[in-house]
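Both backbone and side-chain heavy atoms feed into the values below; hydrogens, waters and symmetry mates do not.
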Amino acid sequence: MAITKVYPLRTLPRKQPTVLVICGPDQNGAIGLVCARNLRSYDYEPTIFYPKRSLDVIYKDLTIQCEKMDIPFLSYLPTEVQLINDAYNLVVDAVLGIEAEFGEVKEPFASILATMKQIKIPIISLDIPSGWDADAWNPEGIYPEMIISLAAPKKCALQFTGKHHFIAGRFLPYDVQKKFELNLPVYPETECMVEIQDGKSTL
């Protein structure tokens, strides 16, 4: 929903509403699969690159759901970045999340991040930009145009300088919010996500 608000179909520069969703093997990858499925329901045309598939049943089920919705899967990610810039309107970064170990990124994800750093079209990172630590940005990492923080912003979001920062998911119990002294924004009416305007709201 956050993507549809910032990048509605009518504003996309290409005739076809193409979106490349790059998924990692862990939780962020699963969220990327869900994102692709939902974008397809809103008439976007996602394509998924999922190079290291999880054997977990839930992840397999999400993959099957995407396949049943006729969402194509790439067998490889073009290393010629201009091919990506020319073929897609947006890239969704669902490669590495907070569960990834901060530090040296292993293959194939090191090469994937190296390619993503050269992409010129807007990148939307789910939860945190791939390659960043939850508590700190990575100057060698990617620089997305948009972050969609899940449940609550992470401390690294304080150093985010992109255009848009959303929080998605208003499901944190109040006792958890109180325990960790979370200062979450108010969700208007029945919205499940909200944009942070000042860029300062965080854990």
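- In this structure, the side chains of Thr47 and Thr18 stay at 4.5 Å or more apart for every pair of heavy atoms.
- Within the 4.5 Å cutoff, no side-chain heavy atoms of Glu45 are placed close to those of Leu39.
- Considering only heavy atoms from C-beta on, Leu20 comes within 4.5 Å of Leu74 through its side chain.
- Side-chain atoms of Asp93 do not come within 3.5 Å of backbone N or O of Pro129 as any donor-acceptor pair.
- Of all non-hydrogen atoms in Ser54 and Lys60, the two that sit nearest each other are O-CG, 4.0 Å.
- Within the 4.5 Å cutoff, side-chain heavy atoms of Ile3 are placed close to those of Ile148.
- Arg53 places none of its side-chain heavy atoms less than 4.5 Å from the side chain of Tyr59.
- For the pair Lys5/Glu191, a side-chain contact is recorded, criterion being any heavy-atom separation below 4.5 Å from C-beta on.
- Remark: Ile123 CD1 to Met146 CE distance equals 13.5 Å, nearest 0.5 Å.
- The backbone N or O of Ser149 lies less than 3.5 Å from no partner atom in the side chain of Asp127, so there is not a single donor-acceptor pair.
- In this model, a donor atom of one side chain and an acceptor atom of the other lie less than 3.5 Å apart for Glu195 and His164.
- For Glu107 (side chain) and Ser111 (main-chain N/O), a donor-acceptor pair under 3.5 Å exists by modelled atom type.
- Under the 4.5 Å side-chain heavy-atom criterion for grouping Ile, Leu, Val, Met, Phe, Trp and Tyr, Tyr50 is not connected to Leu55 through any hydrophobic cluster.
- For Gln16 and Tyr44, the side-chain atoms include no donor-acceptor pair closer than 3.5 Å.
- Under the 4.5 Å side-chain criterion, counting only non-hydrogen atoms from C-beta, Val19 is not in contact with Val91.
- Taking 4.5 Å as the limit, every side-chain heavy atom of Ile142 sits out of range of all side-chain heavy atoms of Val95.
- The backbone N or O of Ala94 lies less than 3.5 Å from no partner atom in the side chain of Asn28, so there is not a single donor-acceptor pair.
- For Tyr7 against Pro122, the heavy-atom pair with the smallest separation is OH-CB, 3.8 Å.
- Clustering ILVMFWY residues whenever any of their side-chain heavy atoms sit less than 4.5 angstrom apart, transitively, puts Ile64 in a cluster other than the one holding Val57.
- Residues Val92 and Cys35 come closest through the heavy atom pair CG1-SG, 4.2 Å.
- Of all heavy-atom pairs spanning Pro78 and Thr115, the tightest one is O-CG2, 3.7 Å.
- Here the closest non-hydrogen pair linking Asn89 and Ile121 is O-CB, 3.7 Å.
- Between Arg37 and Glu67, none of the side-chain N atoms (NZ, or NE/NH1/NH2) sits under 4.0 Å from a carboxylate O, so this pair counts as no salt bridge.
- The shortest non-hydrogen separation linking Phe109 to Cys23 is CE2-O, 4.5 Å.
- Under a hydrophobic clustering in which Ile, Leu, Val, Met, Phe, Trp and Tyr are joined whenever their side-chain heavy atoms come within less than 4.5 Å, directly or via other members, Leu83 and Ile48 fall into different clusters.
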